[in-house]
Amino acid sequence: MKIFNTMTRSLEELVPLEQGHVRMYTCGPTVYNAAHIGNFRTYVFEDLLRRQIKRSGYGITQVMNLTDVDDKTIRGAQEAGISLDAYTKPFKDMFFTDMDQLGIERAEHYPAATDHIEEVITLIERLVEKGYAYQSEDGSVYFSIAKFADYGRLGRIDLAGMRAGARVAHDEYEKENVADFALWKAWDAQDGPVKWDSPWGEGRPGWHIECSAMSMRYLGESFDIHTGGVDNIFPHHDDEIAQSECATGRSFVRYWMHSAHLIVNGKKMSKSAGNFYTLREILAKGYGGREVRYVLLSAHYRQQLNFTFEAVDAAKAALARVDDFTERLRLQGGDGEALPSWACEAKAAFDAAMNHDLNVPEALAAVFALVHAGNKALDQGGTGFGAGVLDMIADMDRVLGVLTKPAEVIPTEVQALLDARAAARAEKDWAGSDRLRDELAALGWTVRDTPDGQKVAKR
């Protein structure tokens, strides 16, 4: 399996530090609001990576952090007049609900920053003792980037014009603000009750140190893969590298992987442009998590993705083609022992695409080549391959997570109409059967008669 390493800007073979097992850290949400679809583009990419690693035969330990203490969460809690925990908990719950809607597998660990203050303090102490960090006049502790010769190598940052001794207290800053960054922020009145005791006085951790402390707590001082969006490369990931490697004296991460930005209707997503969407806002328009996931994974993760509602409609139509094909395969059956050449070719193309840096566009092309060839074979009376091709599609879906139609939850009212229609057909009451079909259609359900009985689907 080959993946693109942001550090080297090249494709590399995935070779875990521990044979047969991959340790991976994924930057999770800052829980101050519902996550937007740009966030979920990255989370779906990370889910694809996780699934393909498992499908390739590796075990995996994945950690995704929850940033529940930073400038944004503190400000939000203060404005709401509630505690930090009370403010962030609903957004944590929303995050997991949204992840489930998109079929994103759960990581092994979801550490919250507020539960790992002890690890943060211990890591900062190591940096202070080794001379890489210092305390400022106000009691905050900063990392000295001048002490780390390789600072900025991930983001290819030019340090020539930096102002020696300049400091950045904010968690997020631009490339033009290359400067010493805060590891521990001394308490001030704006933080309200959000503070912890430390050797440097009361305060709270900076954002960057939280991720280093939590990743090393669960994955060790060196691990295999660290992922995020391209906006995390600098400063966040460069800061993680600096503080982690200076504290341990070891290489921090072997492979860095980043997903490109998502835009909406050809423009950068923003509230002022009217094209800012959370997942729940999209679902409220009547779309399902399955077709949204399809759109979010449809472009290569290193290519910019343009999200449109036309694309979601097209995804729904494409998935309906897959559903119709799999239904035909189920009706055909067969033992699946001898797969036709067209199926084997599609499987080989799919595997090659996914093993080449998660090339999902090529993998989807292989899926629809399979659907096209399979429908043609069925139209020509081909038999015996149904079960085998269904197993193949299920294997492909171990990584894509969109090819299997979710089971319909049929409301009691709809089931009663279906039962009445089945009884009418058994009595050859065709007029009654047609009337009940119309009633089902009025409720938004289509019914199809097959040799195995009625098949119903939500329109």
Side-chain angles (χ1 to χ4, degrees), residues 1 47-48 51-58 103 105 288 290-291 293-294 297-298 314-356 358-410 415 418 421-422 425-426 433 437 440 445-459:
M1 179 178 172
D47 183 58
L48 283 170
R51 287 166 173 256
Q52 182 60 18
I53 287 169
K54 290 170 59 180
R55 186 170 174 266
S56 298
Y58 296 106
E105 290 185 354
R290 185 189 182 201
E291 51 259 36
R293 177 185 172 92
Y294 184 101
L297 61 76
S298 60
K316 191 171 185 178
L319 291 170
R321 284 182 59 202
V322 176
D323 294 341
D324 289 344
F325 177 56
T326 55
E327 182 62 26
R328 293 187 75 186
L329 292 172
R330 288 191 188 94
L331 293 175
Q332 191 224 60
D335 56 24
E337 291 183 2
L339 286 171
S341 59
W342 50 263
C344 296
E345 289 167 6
K347 173 71 160 50
F350 181 91
D351 291 345
M354 292 309 302
N355 282 321
H356 190 80
L358 306 179
N359 193 334
V360 175
E362 291 287 340
L364 288 174
V367 169
F368 286 101
L370 176 73
V371 172
H372 176 77
N375 275 324
K376 184 176 180 180
L378 289 168
D379 290 343
Q380 294 174 349
T383 59
F385 54 78
V389 176
L390 281 172
D391 288 344
M392 183 181 295
I393 292 172
D395 177 62
M396 292 173 169
D397 208 34
R398 288 172 58 196
V399 60
L400 294 181
V402 293
L403 303 180
T404 304
K405 186 177 181 180
E408 296 278 13
V409 178
I410 302 175
Q415 187 59 56
L418 285 169
R421 185 171 181 274
R425 290 182 65 79
S433 170
R437 182 198 293 272
L440 286 162
W445 293 78
T446 59
V447 61
R448 182 163 55 90
D449 297 309
T450 77
D452 295 327
Q454 300 178 111
K455 302 293 182 183
V456 67
K458 190 82 169 70
R459 288 188 301 179

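All of these numbers come straight from a predicted model, not from anything done at the bench. Along the sequence shown, the residues carry numbers beginning at 1.
The two residues L370 and A343 have their closest heavy-atom pair at CD1-CA, 3.7 Å. Among all heavy-atom pairs drawn from V399 and L48, the shortest one is O-CD2, 3.2 Å. When all heavy atoms are compared, the tightest approach of A366 to A349 is CB-CB, 3.9 Å. Contact record, A318 with F368: O-CE2, 3.6 Å, taken as the closest heavy-atom pair. The shortest non-hydrogen separation linking V367 to M396 is CG2-SD, 3.9 Å. Across all their heavy atoms, A422 and Q454 have their closest contact at CB-NE2, 3.6 Å.
The pair D324-R328 fails the salt-bridge criterion, with no side-chain N (NZ, NE, NH1 or NH2) lying under 4.0 Å from an Asp/Glu carboxylate O. Checked for salt-bridge contact, K347 and D391 miss the test: no charged N lies under 4.0 Å from a carboxylate O. Using a cutoff of 4.0 Å between basic side-chain nitrogens and carboxylate oxygens, K54 and E105 are scored as salt-bridged.
The closest side-chain heavy-atom distance from R55 to D395 is below 4.5 Å. Put simply, the side chain of F350 does not reach to within 4.5 Å of the side chain of I393, judged on heavy atoms. Proximity of E362 to H356: side-chain heavy atoms (C-beta onward) are nowhere separated by under 4.5 Å. Taking 4.5 Å as the limit, every side-chain heavy atom of R51 sits out of range of all side-chain heavy atoms of R398. With contacts defined as side-chain heavy-atom distances shorter than 4.5 Å, the pair W342/V389 qualifies. Inter-residue side-chain proximity for V360 and Q52 is flagged as unmet; no heavy-atom pair is nearer than 4.5 Å. Between M1 and L358, the closest side-chain pair of non-hydrogen atoms falls below 4.5 Å.
Although no hydrogens or angles enter the test, the distance criterion places no donor-acceptor pair under 3.5 Å between the side chain of R448 and the main chain of K455. Judged by distance alone, the side chain of R293 and the main-chain N or O of L400 form a donor-acceptor pair under 3.5 Å. Q332 contributes a side-chain N or O that, together with a main-chain N or O of G386, makes up a donor-acceptor pair within less than 3.5 Å. R425 places no side-chain N or O within 3.5 Å of a backbone atom of S433 that could act as its donor or acceptor partner. Formation of a donor-acceptor pair under 3.5 Å by the N359 side chain with backbone atoms of M354 is not found in this model.
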- Task: Would you sort out whether L297 and L364 count as a side chain to side chain contact (heavy atoms under 4.5 Å, CB included), showing the intermediate values?
- Result: CA-CA 10 Å; L297 61 76; L364 288 174; 4.2 Å; yes

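To the nearest 0.5 Å, atoms CG (D323) and NZ (K316) are separated by 11.0 Å.
If you run side-chain contact (heavy atoms from CB on, under 4.5 Å) between R321 and each of N375, T326, V371, only V371 comes through.
Atom NZ of K376 is surrounded by 12 or fewer heavy atoms from other residues, nucleotides or ligands within 6.0 Å.
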